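Below is one structure, written out as C-alpha cells, with a few remarks after it.
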Amino acid sequence: MSEEYDARRIENKWQQYWEEHGSFAASDDRSKKKYYVLIEFPYPSGEGLHVGHPRSYTALDVVARKRRMEGYNVLFPIGWDAFGLPAENFAIKTGRHPREVTQQNIRRFRSQLKRLGFSFDWSREIDTTDPAYYKWTQWIFLKLWKKGLAYKSEMPINWCTSCNVGLANEEVVGGVCERCGGEVVRKVKSQWMLKITDYAERLLQDLETVDFLDQITMQQTNWIGRSTGAEVDFPVYSSGGKKHCMKIFTTRPDTLFGVTYMVLSPEHPLVAELLPACENAGEVRKYVERAANKSDFERTEVVKEVSGVEFRGITALNPATHQEVPVWIADYVLISYGTGAIMAVPGHDERDWRFASRYGLPIVEVISGGDVTREAFVDIDRGTLVNSGPLDGLPPDKAIGRMVEIVEAGGYGRASVQYRLRDWVFSRQRYWGEPIPMVKCPSCGWVPLPESQLPLVLPEVERYKTTDTGESPLVLIDDWVAVDCPQCKGPARRETDTMPQWAGSSWYFLRYTDPHNDAELASQKNLKYWMPVDWYNGGMEHTTLHLLYSRFWHKFLYDIGVVPSAEPYKKRTSHGLILGENGEKMSKSRGNVVNPDEMVDKYGADAFRLYEMFMGAFDQPIPWNTRGLNGMNRFIHRIWDVAEKVSPTAEESRELTTLVHQSIKKVTGDIESMKFNTAIAQLMTLSHALNRRDEVRREDMELFLLLCNPFAPHVCEELWERLGHDTPCAGEAWPQWDEKKVRVDTVTVVIQVNGKLRSRFDAPRDMPKEELEKNAREDAKVEQYISGKTIRKVIVVPNKLVNIVAS
RNA sequence: GCCGAAGUGGUGGAAUUGGUAGACGCGCUGGACUCAAAAUCCAGUGGGGGCAACCUCGUGCGAGUUCGAUUCUCGCCUUCGGCACCA
C-alpha cells in the first residue's frame with residue numbers, strides 16, 4: 001500500500017463517511033448507558049472561527065470518541081449562541097438585518113467546524129435566535145414571573161453620552177465607551193430583574209455535590225460572597241423627638257461597644273425621611289445629589305478620598321450601650337449591600353478609621369492588641385475585648401457569638417446572613433434579543449402573555465439603533481407595541497426590552513436532549529435519560545456569570561418539576577486561552593488572529609487537532625506557534641510509515657509489548673485528567689519504537705491506531721481500513737492494558753555517593769536490597785569515591801537507587 | 001489591599017506519596033533525498049571545562065529539614081488570573 005499520505009483526500013473521505021453513516025448521532029435508546037459531553041456553544045461572530053475555539057472542542061471530542069469506544073451512548077452536541085451585540089452593531093452600521101448576518105456567520109462557522117472532524121451530533125444543532133428555540137426561553141421567563149422571581153426595578157445602566165445608547169458592562173472599558181471613547185454615565189432605567197439572590201444559599205451549598213475544578217468552585221464561592229453576622233436596629237431621633245429605626249448589618253457584632261457614629265448610604269430611604277428634621281438639609285441634599293451624579297467609575301476609582309456629610313440634629317442611640325452617636329451620610333456605604341447602612345467602628349475597620357480620621361470623629365478601642373491611634377486593628381484571630389461590658393476579656397470569635405445572644409435577648413437585633421451576589425439585571429434596550437413576553441396594562445399592571453401566544457416573534461424594524469431616550473428600537477413600531485391586555489382586553493403596550501445574551505445560554509444544554517420538540521422544552525423522558533451533563537468544558541471567563549446563571553435557571557426548573565436534577569453539570573473543567581503568536585490576546589484589532597482554515601489547508605485537520613492538544617498544559621494560556629504543526633505532520637507521516645511495516649512474519653518483542661501496554665495505561669489515564677500533551681508524547685515515543693523495527697506486528701499497529709484515533713481520527717480510520725477492516729475503528733472497543741505486561745523485567749538502578757549520581761547498573765526487577773547494595777559497593781566507579789572513607793549509611797530504594805553515605 | 005495559580009534549556013513544556021532534572025515537540029547544527037526549494041528521513045543539541053573516559057554548575061532569590069529537594073517548611077522577588085469601599 002505504498003502511497004503518499006494525503007491529508008486532504010483522507011479527511012474529505014472520512015468526514016463524508018461519518019456524515020453519510022450518521023456515525024456520531026446519539027441514540028435516545030435508554031437501555032444503553034449514556035454519557036453527555038458538552039462544550040460551550042459558540043457565538044457565531046463575523047470574524048469566523050479562530051484557533052482558540054477548537055481547543056475546547058478537540059479536547060472534548062477526544063473524550064467523546066473515547067467514551068464511544070468504551071461502549072457509552074454519547075451525546076456530543078453543537079449549536080449557536082446567536083443573539084448578541086456584534087451582529088446588532090454591524091446592522092446599525094450597514095443596515096443589513098442581524099438575522100441575515102447571523103445566518104451567514106453560522107454557515108461559515110458550521111463549515112469551518114466540519115473540516116476539523118469533530119464528532120458532533122449535527123442532527124441536534126440548535127440556534128438561540130430560532131423562534132422555535134426562543135419560544136422556550138420566553139416560556140421559562142413566564143414561569144419565573146409567575147413564581148415572583150422576575151420583577152421590574154429602577155436600576156442604573158451605563159449610558160454613553162455620545163452614542164446615546166445603553167452599554168453592557170463589558171462595553172465600558174476604563175470608564176469610557178469601548179467603541180467611541182465617549183463619556184459613560186449612570187442613567188436610571190426601569191429594568192427587569194431576576195431574583196437569583198433567592199437561590200444564593202443553594203447555589204453555594206450545592207457546589208459540594210458537583211465535581212468542578214477547585215478554582216471554579218472558589219470563584220463561584222467568592223462571587224456569591226456569603227457573610228454571617230447580625231442585623232441590629234438602632235433607634236434614631238431627630239430634634240423634634242420623632243423616633244425612626246436604622247437597621248444595619250455587621251459581621252462584627254463583637255465591636256458594638258466601639259461604635260462612634262452611624263453612616264447611611266446616600267440612596268437610603270431614611271435620608272429623605274430625616275431630611276426635613278435636620279439642621280443642614282441643604283448641605284445634605286447637595287451631597288446626595290453629587291453622589292447620584294458620580295459614575296460608578298468615579299465612585300469606586302478614587303478609592304482613597306473619602307467624603308461624607310453629617311446629619312446635624314439627628315442622633316442614633318446605641319441599643320447596647322445607650323450612648324448617643326451622630327449620623328452621617330457617606331458614599332463609601334453602598335445601598336446595594338446589606339441594609340445600606342452601617343454602624344461605624346473606626347477602631348476596628350479600616351474604612352471607618354479613614355473616615356473618622358478625616359472628619360475628626362472619636363476612635364474607641366474595644367479589642368486590645370493593636371494601636372488604634374495609628375491604624376484600625378482588624379485582626380480577628382488575635383486580641384481581647386475591652387471597654388465592652390459583658391464581653392470584656394473574651395477573644396473576638398467568642399465575643400461575636402455572645403453578642404448575638406445579647407442582641408437577640410434584648411430584642412433589638414438578630415443573627416443574619418448576607419450575600420455579595422446581586423439580582424440579575426435581565427433586560428436590554430436592544431433589538432437583537434428575545435422579546436420579553438410581557439404587556440403593561442394601565443389598569444392591570446404587568447400582565448404575562450398567555451403561553452399559547454409564544455413565541456412572541458421579534459418584529460421587523462426599519463432601524464436598529466436605540467432611540468435617543470435609550471429605549472430599544474422596538475418602541476418605534478406602534479402596531480407591534482399596541483396590544484390588547486390579555487387580562488382585561490383593554491388597550492395596553494408591549495414590553496419593548498429584550499433579554500440579555502445570557503438568557504439563551506442558560507438552558508441550551510436541555511434543548512439538545514430533544515431539539516425538535518414543539519410541545520415541551522424537552523421531553524421528560526429524554527431529560528431523565530440524558531441529564532445531568534456528565535462533563536462540561538468551557539472558558540475560564542464564563543466560570544462566574546454563565547455558570548451561575550445556568551445553575552440558577554436549572555434549580556428553578558428543578559423546583560417546578562421540569563428537570564430531574566438539582567444541578568445541570570456533574571463535572572466542569574476549563575481550558576486556557578490560546579494567545580496570538582506575539583503572546584497577546586488574539587483579536588482582530590491586534591491583527592494576530594490565526595484562522596484554522598489556513599492550518600487545515602496546509603497541514604490537515606489531524607495535524608491541527610494534534611497540535612491543539614499537544615501545545616501545552618490544557619488549563620494554561622499559551623501562545624500559538626504555527627511552526628509547531630511541523631512536528632505533528634512528522635508524527636502523522638511516521639504513523640503512516642509504521643503502517644507500511646506491518647507484516648505477518650513480524651515477531652513479538654517483549655520490550656515493545658511492555659511499551660504498548662504502558663502506552664495504553666498512560667493514554668487512558670491522561671485523557672481522563674486532561675493531560676493531552678503527555679498522552680500524545682507517549683504516542684510519539686511508541687511511534688519511534690515501532691518505527692525502529694523492520695517489521696511490525698499487526699496487533700501492535702492496531703492497538704497503536706486505536707489509541708491515536710481520538711486525537712487524529714481521519715488518518716487512523718484510513719490506515720484501519722487499509723489493514724483490511726470493513727468497519728471503522730471508531731466503533732472498536734477501547735484497548736485494555738495488562739498490568740503484568742506494563743511492568744518491565746529489567747530496571748536501571750542508579751548509585752549515588754553522598755547524594756550525587758556516580759554510576760548505574762541494570763538489574764532484574766525486584767532484586768533484593770542486600771544484593772543491590774552489594775552490587776553498588778562493588779561497582780568500579782563507586783570505588784574511587786569511597787576508598788579511604790568510612791561508610792556511614794547505605795540507603796537502598798528497590799528498583800530505583802542505592803545511596804552510599806561516606807565520609 | 002484580599003484570594004488563587006505559577007516561575008525549569010534558545011523556545012512550548014515533562015518529571016512531585018522527596019529518589020537518574022530537561023520526557024515529547026519546536027528551533028538550531030550537520031548529513032541524506034532533490035537541478036533547486038519545500039516536505040520527508042537520519043544524527044546531534046542545558047551552561048562551562050576536557051582530545052577523551054569524564055569533571056563541574058544548574059529548576060526565580062535566600063535560608064531550613066533530609067542520605068537525597070524542581071517536589072516539603074519559612075522569608076523574599078516577579079508574572080498571570082479572580083474579587084475589590086461587600087460593613
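All values reported here derive from a predicted model rather than from experimental measurement.
- In this model, a side-chain donor or acceptor of A/Gln752 finds a partner on the base of B/G19 within 3.5 Å.
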Legend entry - Protein proximity profile, nucleotides 46-52 of chain B - base contact B, sugar-phosphate-only contact S, no contact -, cut-off 4.0 Å on heavy atoms: -------
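- Rounded to an integer number of Å, the gap from A/Trp353 CH2 to B/C85 C1' is 16 Å.
- Counting to the nearest Å, the C1' atom of B/C3 and the CD atom of A/Gln219 are 10 Å from each other.
- Between A/Asn799 and B/G19 there is no side-chain N or O to OP1 or OP2 distance below 4.0 Å.
- A salt bridge is absent between A/Glu612 and A/Arg55; no separation between the charged side-chain nitrogens and carboxylate oxygens falls under 4.0 Å.
- A ring-ring contact (aromatic ring centres under 6.0 Å, His included) check over residues 662-681 of chain A, counting only residues at least two apart or in different chains, returns the pairs A/Phe618-A/Phe676.
- In this structure, the side chain of A/Tyr5 does not engage the main chain of A/Arg638 through any donor-acceptor pair within 3.5 Å.
- The distance from atom CH2 of A/Trp624 to atom C1' of B/G13 is 16 Å, rounded to the nearest whole Å.
- Sequence neighbours left out, not one pair with a member in residues 759-772 of chain A passes salt bridge (charged side-chain N to carboxylate O under 4.0 Å, His left out).
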Legend entry - Reading 5' to 3' through nucleotides 25-31 of chain B, protein heavy-atom contacts under 4.0 Å coded B for base, S for sugar-phosphate only, - for none: SSS----
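- Between the NE2 atom of A/His268 and the C1' atom of B/A87 there is a distance of 13 Å, given to the nearest Å.
- Every residue two or more places apart in sequence or in another chain that forms a side chain to side chain contact (heavy atoms under 4.5 Å, CB included) with A/Asn625 is listed here: A/Glu581, A/Tyr611, A/Arg627.
- Sorted by first and then second residue, the pairs that involve residues 744-759 of chain A and meet salt bridge (charged side-chain N to carboxylate O under 4.0 Å, His left out), not counting sequence neighbours, are A/Arg654-A/Asp745.
- Remark: P of B/G81 and CH2 of A/Trp223 are 16 Å apart, rounded to the nearest angstrom.
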Which atoms of nucleotides 14-16 of chain B (N or O only) lie under 3.5 Å from a protein N or O atom, and what are those distances?
from, atom 1, to, atom 2, distance (Å)
B/A14, OP1, A/Asn677, ND2, 3.3

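- In this structure, the side chain to side chain contact (heavy atoms under 4.5 Å, CB included) partners of A/Trp223, at least two apart in sequence or on a different chain, are A/Arg420, A/Leu421, A/Thr544, A/Leu545, A/Leu548.
- For RNA chain B, the neighbouring residues in residues 756-763 of chain A, judged by any heavy atom under 4.0 Å, are A/Lys756, A/Arg758, A/Arg760.
- Counting only residues at least two apart or in different chains, salt bridge (charged side-chain N to carboxylate O under 4.0 Å, His left out) contacts with residues 332-344 of chain A are absent.
- Using a 4.0 Å heavy-atom distance criterion, A/Asn691 is classed as a sugar-phosphate-only contact.
- Nucleic acid contact for A/Leu801: base, since at least one base atom lies under 4.0 Å from a heavy atom of the residue.
- Not counting sequence neighbours, the partners of A/Glu695 by the side chain to side chain contact (heavy atoms under 4.5 Å, CB included) test are A/Ser647, A/Thr649, A/Ala650.
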Legend entry - Watson-Crick or G-U pairs under 3.5 Å in RNA chain B, rendered as dot-bracket with [ ] for crossing pairs and | for another strand: (((((((..(((......[....)))((((((.......))))))((((....))))..(((((..]....))))))))))))....
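- Contact annotation for A/Tyr785: backbone-only contact, meaning every heavy-atom pair under 4.0 Å involves sugar-phosphate atoms and none involves a base.
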